[in-house]
Enquirer: 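Okay, handing you the structure first.
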There are 2 protein chains.
Amino acid sequence: MTESIPQYRQLYEVLRKQIVEGIYRQGDLLPSESALCRQYKITRPTVRHALDALLNEGMIRKHQGKGSIVTGPANGIGILSISGTTSALGMHNLRTHILSKPSILKWPEPFMFPLDEEVRASGCIYLERLRLVDDRPIFYDLNYLPNINLPRFTSRKFEEQSLFDILRRAYRIEVKSGEQRIRAVRADNNIHGYLNVPVGYPVLHLQRKLNTNRPGYYFFSSIHCNTDAYALYGTF
Amino acid sequence: MTESIPQYRQLYEVLRKQIVEGIYRQGDLLPSESALCRQYKITRPTVRHALDALLNEGMIRKHQGKGSIVTGPANGIGILSISGTTSALGMHNLRTHILSKPSILKWPEPFMFPLDEEVRASGCIYLERLRLVDDRPIFYDLNYLPNINLPRFTSRKFEEQSLFDILRRAYRIEVKSGEQRIRAVRADNNIHGYLNVPVGYPVLHLQRKLNTNRPGYYFFSSIHCNTDAYALYGTF
DNA sequence: TAAACCAACTTGTATTTACAAGTTAATTTC
DNA sequence: GAAATTAACTTGTAAATACAAGTTGGTTTA
């Protein structure tokens, strides 16, 4: 185990990766605490700290006398998922259509969440997308990112990569947490056009503030979602 | 601290109660770890275990060098929260009206989530509630709990305590995780009657499966939520 | 009086030790 | 061979010790 990153965190990341990659699957037992102590040459409280992190994340459950049982890979933070009538997880055949390429604008007034003055003064990068699942329009989303330290963001291609992936790969920005408000609203003419639902039809409206690993850096989304074929699915 | 209940758990319950009752409010510092050690005559790892439980529940955050800061009576896992236009957290003046007291029934067919055969055979405890915020009906929920090892559940009073609190205090059952599906639907005559919205009005419909610390024990809720005055609020 | 320094305090990480309680496999007994 | 017992293993709880890193308030210095 290398220095500067706490040992418990390193073990947590190793085990987490093994679960996400399917090396340990739902129902499998992880190595016992004492086996992990021997394998990684660390003490049991440190192992337990790593396992507690996995436990709190919901990736494992623990059973006294039996061991640590994998419950399965959790949803990535902030990732939207849908579920059809079969309770199947995850996205189906997702296609993204960029309605408005990233451009730098002033923040809309009024804005759905309060903004710091610095963020407001820097303007926002605005991105408008339609996301289709199995060729059916499901999500119509407006995204607002503070125009702070995102060089050449407006020249990136969003059809082929998700917004989260671009932020993570190109800017080392990872979504860590967030908050959202969800309402049921009537589709107006705009939503009717994009989501192919009748005017007045009930759709979900999500307002989200996503917190990242960059201190003080948040970004925002306003998403309308058609749930007639797929429900919005989440875990907690 | 008395025996048979782990000490860390007793301290967790004491501190949690103090936060919920407003003795410590959002932004307040809890006593330091060493102060709690002296006060309760337990060692620091035990104190930290209790504080970690509060941390994982979201009731506090910790700041090295500063202390443990109360974030407020958080969202417990699976707790529904609402937010008005001010982004204020948490529940307002919540009142619960029991429409149908707990009774033991067969599971409805078809049921919204797959059931184990043992669970299906045991029947369910059914509870129907209307929850009002500032005297406005907001949540209409149907709850289904497997009729397994919940002695005298049907004789408990639900108006004065939440379902989660009763499960936790009387049965040591805590909600640990869960999954949900959210849709926007039109209010039918039933929902119109309970949530005081026009027939056809868009409301949220949540189907939830809540996982507990008791192995294999899940319970379920179907919730309709009127979001015209308050949004459904969540963090992730 | 403002800035720098230091002490006391805070949480974060890690090790060591000990015992309790639950699970599973091996051994013993009938 | 089946049942009972025991040993080895598992996680759960708790204490004691040590050092690191961040925060805050008091003291000293310029």
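Reminder, nothing fancy here: chain letters follow the sequence lines and each chain counts from 1. Only a predicted model underlies this, so the values are computations on that prediction, with no experimental measurement involved.
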Enquirer: Distance from B:Glu174 atom CD to B:Phe164 atom CZ, nearest 0.5 Å?
Expert: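 So the CD of B:Glu174 and the CZ of B:Phe164 are separated by 11.0 Å.
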Enquirer: In whole Å, I'd like the distance from the CG atom of B:Leu36 to the P atom of C:dC9.
Expert: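 B:Leu36 atom CG is separated from C:dC9 atom P by 16 Å.
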Enquirer: Counting heavy atoms from C-beta on, name the nucleotide in C:dT11, C:dT15, D:dA15 closest to the side chain of B:Glu33.
Expert: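 Given the options C:dT11, C:dT15, D:dA15, the side chain of B:Glu33 is closest to C:dT11.
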Enquirer: Measure up the A:Phe220 and A:Trp107 rings against each other and bin them: parallel (under 30°), tilted (30 to 60°), perpendicular (over 60°).
Expert: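 It falls in the perpendicular class, over 60°.
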Enquirer: Considering only heavy atoms and no angle criterion, is a donor-acceptor pair shorter than 3.5 Å present between the side chain of B:Arg9 and the base of D:dG12?
Expert: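 No.
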Enquirer: Starting from P on D:dT11, measure out to CG on A:Leu51 and report it in whole angstrom.
Expert: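 Result: 8 Å.
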Enquirer: Counting heavy atoms from C-beta on, name the nucleotide in C:dT13, C:dT15, C:dT11 closest to the side chain of B:Gln64.
Expert: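 From the listed options, C:dT11 comes nearest.
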Enquirer: For salt bridge (charged side-chain N to carboxylate O under 4.0 Å, His left out), just list the numbers for A:Lys17 and A:Glu13, CA-CA rounded to whole Å, side-chain angles, deciding distance to a tenth of an Å, and then say yes or no.
Expert: CA-CA 6 Å; A:Lys17 188 176 184 228; A:Glu13 293 286 351; over 6 Å; no
Enquirer: Which nucleotide in the set C:dT24, D:dT13, D:dA15 lies at the smallest distance from any side-chain heavy atom of B:Tyr8?
Expert: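 From the listed options, D:dT13 comes nearest.
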Enquirer: Does the side chain of B:Lys66 get closer than 4.0 angstrom to OP1 or OP2 of D:dT24 through an N or O atom?
Expert: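 Looking at the OP1 and OP2 atoms of D:dT24, one of them is under 4.0 Å from a side-chain N or O of B:Lys66.
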Enquirer: Of the nucleotides D:dT23, D:dA18, D:dT11, which has the atom closest to the B:Arg44 side chain?
Expert: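 The closest nucleotide is D:dA18.
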Enquirer: Nearest whole Å is fine: how far is D:dA14 C1' from B:Ile5 CD1?
Expert: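 For the pair B:Ile5 CD1 and D:dA14 C1', the rounded distance is 16 Å.
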Enquirer: Can you confirm whether more than 12 heavy atoms, excluding those of A:Lys62, are under 6.0 Å from its NZ atom?
Expert: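 More than 12 heavy atoms, drawn from other residues, nucleotides or ligands, come within 6.0 Å of this atom.
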Enquirer: What about the rings of A:Tyr126 and A:Tyr144, do their centers lie closer together than 6.0 Å?
Expert: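 For A:Tyr126 and A:Tyr144, the ring centres are under 6.0 Å apart.
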Enquirer: Hey, is the side chain of A:Ser32 poking within less than 4.0 Å of OP1 or OP2 on D:dC9, counting only N and O atoms?
Expert: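 Checking D:dC9 against A:Ser32, no side-chain N or O comes under 4.0 Å of OP1 or OP2.
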Enquirer: From D:dT23, D:dA15, C:dT15, pick the nucleotide closest to the side chain of B:Thr43?
Expert: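 My answer, after comparing the listed nucleotides, is D:dA15.
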Enquirer: With respect to the side chain of B:Thr46, which nucleotide from C:dT13, D:dA15, D:dT23 is positioned closest?
Expert: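 So the nucleotide nearest the side chain must be D:dA15.
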Enquirer: What is the distance from CG of A:Asp52 to C1' of C:dA14, rounded to the nearest Å?
Expert: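 In whole Å, C:dA14 C1' lies 15 Å from A:Asp52 CG.
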Enquirer: Specify the separation, in whole Å, of atom NZ of A:Lys41 and atom C1' of C:dA14.
Expert: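 Rounding to the nearest Å, NZ of A:Lys41 and C1' of C:dA14 are 17 Å apart.
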Enquirer: For B:Tyr40 and D:dA15, what is the distance between atoms OH and P respectively, to the nearest whole Å?
Expert: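 These atoms are roughly 15 Å apart.
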Enquirer: What is the distance, rounded to the nearest whole Å, between atom NE2 of B:His49 and atom P of D:dT11?
Expert: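 Roughly 15 Å, once rounded to whole Å.
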Enquirer: Considering non-hydrogen atoms only, spot the tightest contact between B:Arg129 and B:Asn143 and give its length.
Expert: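 For B:Arg129 versus B:Asn143, the nearest heavy atoms are NE-ND2, 3.6 Å.
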Enquirer: Looking at D:dT10, I'd like to know if its phosphate oxygens (OP1 or OP2) sit under 4.0 Å from a side-chain N or O belonging to A:Ser34.
Expert: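 It does, given that an N or O in the side chain of A:Ser34 lies less than 4.0 Å from OP1 or OP2 of D:dT10.
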Enquirer: Map A:Lys62 and A:Pro45 onto DNA chain D by nearest heavy atom, then report which one ends up closer to the 5' terminus.
Expert: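 It is A:Lys62, whose closest nucleotide lies nearer the 5' terminus.
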Enquirer: Out of C:dA14, C:dT10, C:dT13, which has the shortest distance to the side chain of B:Arg48?
Expert: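 The listed nucleotide nearest to B:Arg48's side chain is C:dT13.
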Enquirer: Between D:dT11, D:dT13, C:dT11, spot the one nearest the side chain of B:Pro6, thanks.
Expert: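 Between D:dT11, D:dT13, C:dT11, the one nearest the side chain of B:Pro6 would be D:dT13.
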Enquirer: Give the rounded distance in Å between these two atoms: OH of B:Tyr12 and C1' of D:dT13.
Expert: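 Computing the B:Tyr12:OH to D:dT13:C1' distance gives 17 Å.
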Enquirer: At under 4.0 Å, does any side-chain N or O of B:His63 touch on OP1 or OP2 of D:dG22?
Expert: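 For B:His63, the contact criterion (side-chain N or O under 4.0 Å from OP1 or OP2 of D:dG22) is not met.
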